[in-house]
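Note: hydrogens, waters and symmetry copies are ignored here, and every other heavy atom, side chains too, is used.
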Amino acid sequence: MIQIAYLRENKSEVINRLSVKNFDATELADEILEADEQRRTLQKELDAVLSYQNQLAKEVGEFFKKGMPHEAQEAKEKSAALKETSKELGDKMAEAEKRMNDLLVRLPNMPHASVPKGKTPEDNEVVFCVKEIPTLPTNAKPHWELTTQYDIIDFELGVKITGAGFPVYKGKGARLQRALINFFLDHATATGYTEVQPPIFINEDSGFGTGQLPDKEGQMYHIGADNFYLIPTAEVPVTNIFRDVILKTEQLPQKLTAYTPCFRREAGSYGKDVRGLNRLHQFDKVEIVQITEPEKSYQTLEDMRMYVASLLEKLELPYRILKLCGGDMSFASALTYDMEVYSAAQKRWLEVSSVSNFETFQSNRLKLRYRKGNDKPQLAHTLNGSALALPRIVAALLENNQTEKGIKIPAVLVPYTGFEFIN
RNA sequence: GGAGAAAUGGCAGAGUGGUCGAUUGCGGCAGUCUUGAAAACUGUUGAACCGUGAGGUUCCUGGGGUUCGAAUCCCUAUUUCUCCGCCA
C-alpha cells in the first residue's frame, strides 16, 4: 500500500510511475485524496469537540469535590449535549477513513525506475541467458511420460484422492522431492537464512498484510468454518511474522527460509500450461525472505537473485533471468526477476522462481518498521523469492537428463537421493 | 468438549470510576565521574493521527455498551493458564 502522505505530496509522480504498470491512477488518486481531505477536516472538528468534552468531564469531578453539585450538574448537561455531535463526527470520520483505505489498497505498488515498459511477457527484459540451450534426440519424452514410465509420479491417483493438480509422488519420485527440499534448505541456511516452519493456514489479517487480500481472494483455498486460507506461498506466513513489529537497526537484515507446501486454485488456467507438473494446485517450495533497510534493499535483491542462480547452476539446469516489464509484474512488487529453466522436451522455458523487492508496499500494510537509534520508526523493505519451487525443477531434471540408462540425477543431489539414476 | 482464572508499555509488575499514557523495577539511550571500562549517580526512554508551531485527539488483547468521565463496571470475541475428558 502506498503511503498516503507520499501520495499527497507526489500525486503526479505516482500517476506517472504507475503508468509503467499500465495502470491509470488519475481518477483513483483524486478520489483517495478527496477522502483524505475529508478525513482530516473531520478529525480536526472531532478533536476539538472531544477536547472540550474532556475538559468538562474534569470540571464535573472538581465541582463535586468542592461540594458544588449545582455547577457539576450544569457541566454534566453541557457535556451530555455534545455526545451526539461527537458520535456523529466520529462515525463520519471513520467512514471517510475506511473509504480512503478501501481506495488506497487498490493502488498497485510503484515500479522501480529501471522497470521496462511493456504489456506482455514478451516485453520482459532478458538480463541473463545460458549460452547453450540443450537439444534432445527426437524420441525424447516429455516429463509426464517419463513419470509414468518410471512410476515416480501418479497424476491419476491424485485425481482419485483429491482432484486434478494434486499428484502422488512415489518411490524415487517421492525421494527426489525430499532430496530437493533438503538440498534447498541446507543451502539457504548455509547462506545465513534461518529456517522456520510456519503454519500453512493463514488468517485474514495475514492475507491482507502481504497483499493477497482483498484482491486475490479467488486464488486461495478458503476454509469457511474457521475463515482461514491455505497459503499460496510461504511468503505469506513468513513475512507476517513481522506484522506489527518494530525492529532495531541491529536486527536487520532479517533472513528467513521456509519449506512449505503451497496451494493455488489456478482458476482459469488450461491447456498445455497445466500438463503434468507445469501447474499444480498443491506443490512444494522453499522460500527465502529478507527484511532490510531501504538503502540496502536493491543490493539485497541482487544478492538473492545471484543466490537463486547459484542453485540452478549447481543443479546443472539451463536457465535465464528476466527482469519483468511493468505489465507482467505483480500488484505489490517494485522490481521482479523471474528465473526460468529450459524444459528441453517441451521446448519451453518454465518459471521456477520469482524474486521481488516490495519496498515499503507490504511493510506499510504490515506496520513493519525499524528504528535507527532513538529515531522515529520507519517502514522497512521486504523482499522474497522462491529458492526454489519444485515441480518445474523436477520437470526439467527429468526431461533434460533422460538417458538410455534412465534419468541421471545431478551430482549435488546424489548425497540427498542416495541414487544416481531413476530407472 | 466441560469447569474455573487471567490478558496493562521491550520485559517484569502496580493500578477496581475522575488529576492515569499509566507508580515502580529491569532493560535501552544520554550525561557526570574515570586514562578507559565497570560500578555509582543524574536525566531520558511507547505508538498512530491532526497541527507550521504551541498543542490536541486516540490507543491498557479485539469489538460493543453503561457514565459527564472507563485500564478500572457490563456484554462479546480471541488468546493464555489450571483442573477434568478425549487424543496424535
Assuming nearest nucleotide by heavy-atom distance, tell me which of A:Ala75 and A:Glu59 is located more 5' along RNA chain B.
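Here A:Glu59 is the residue nearer the 5' end.
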Partner of [N] by Watson-Crick or G-U wobble geometry, both contacts under 3.5 Å, or none?
N	value
B:U44	B:G28
B:U16	none
B:G69	none
B:A54	none
B:A5	B:U80
B:C87	none
B:C33	none

Tell me the interatomic distance from [X], atom [atom1], to [N], atom [atom2], rounded to whole angstroms.
X	N	atom1	atom2	answer
A:Tyr370	B:A47	OH	C1'	17 Å
A:Gln73	B:U67	CD	C1'	13 Å
A:Phe64	B:G18	CZ	P	14 Å
A:Lys83	B:G65	NZ	C1'	10 Å
A:Gln251	B:G10	CD	C1'	10 Å
A:Lys367	B:A47	NZ	C1'	11 Å
A:Asp205	B:G63	CG	P	12 Å
A:Asp375	B:G28	CG	C1'	14 Å

[N] and [M]: how far apart are their [atom1] atoms, nearest whole angstrom?
N	M	atom1	value
B:A71	B:G9	C1'	12 Å
B:G25	B:G46	P	16 Å
B:U16	B:C26	P	24 Å
B:G43	B:C33	C1'	15 Å
B:G55	B:G65	C1'	32 Å
B:U35	B:A22	P	40 Å
B:A77	B:A5	P	16 Å
B:U8	B:A14	P	11 Å

Give the intermediate values and the outcome of side-chain contact (heavy atoms from CB on, under 4.5 Å) for residues A:Lys285 and A:Thr260.
CA-CA 6 Å; A:Lys285 181 158 65 67; A:Thr260 66; 5.5 Å; no
Give a yes or no on whether the backbone of A:Ser206 and the side-chain of A:Asn203 come within a donor-acceptor separation of less than 3.5 Å.
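Yes, the answer is positive, given that a donor and an acceptor are paired below the 3.5 Å cut-off.
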Expected output: side-chain A:Lys255 to main-chain A:Thr189 donor-acceptor under 3.5 Å
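Judged by distance alone, no pair lies under 3.5 Å.
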Closest to the A:Ile246 side chain: B:A47, B:C29, B:C68?
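In terms of side-chain proximity for A:Ile246, the closest of B:A47, B:C29, B:C68 is B:A47.
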Salt-bridge contact A:Lys117-A:Asp123 (side-chain N to carboxylate O under 4.0 Å)
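Looking at A:Lys117 and A:Asp123, the cut-off is not met.
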A:Arg305/A:Glu302 salt bridge by N-O under 4.0 Å criterion
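Salt bridge present between A:Glu302 and A:Arg305.
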Using the side-chain contact (heavy atoms from CB on, under 4.5 Å) definition, which of the options A:Met1, A:Arg17, A:Lys21 pairs with A:Asn109?
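The option that passes is A:Lys21.
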Using a 4.0 Å heavy-atom cut-off to protein, can you give one letter per nucleotide of nucleotides 48-59 of chain B, 5' to 3': B if the base is in contact, S if only the sugar-phosphate is, - if neither?
SBSS----BSS-
What's A:Lys78 touching, base or sugar-phosphate or nothing? Going by heavy atoms closer than 4.0 Å.
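No contact.
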If the cut-off is 4.0 Å, is A:Arg371 near the phosphate of B:G10, judged by side-chain N/O to OP1 or OP2?
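Indeed not, no polar side-chain atom of A:Arg371 lies that close.
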Can you confirm if the NZ or CZ of A:Arg365 lies within 45° of the ring axis of A:Phe208 and under 6.0 Å from the centre of its six-membered ring?
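Yes, A:Arg365 sits over the ring of A:Phe208.
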Decide whether a cation-pi geometry holds between A:Lys248 and A:Tyr370; the criteria are a distance under 6.0 Å from NZ or CZ to the six-membered ring centre and an angle within 45° of the ring axis.
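Negative - A:Lys248 is either too far from the ring of A:Tyr370 or too far off its axis.
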Is the CD atom of A:Glu266 crowded by more than 12 outside heavy atoms at less than 6.0 Å?
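Yes.
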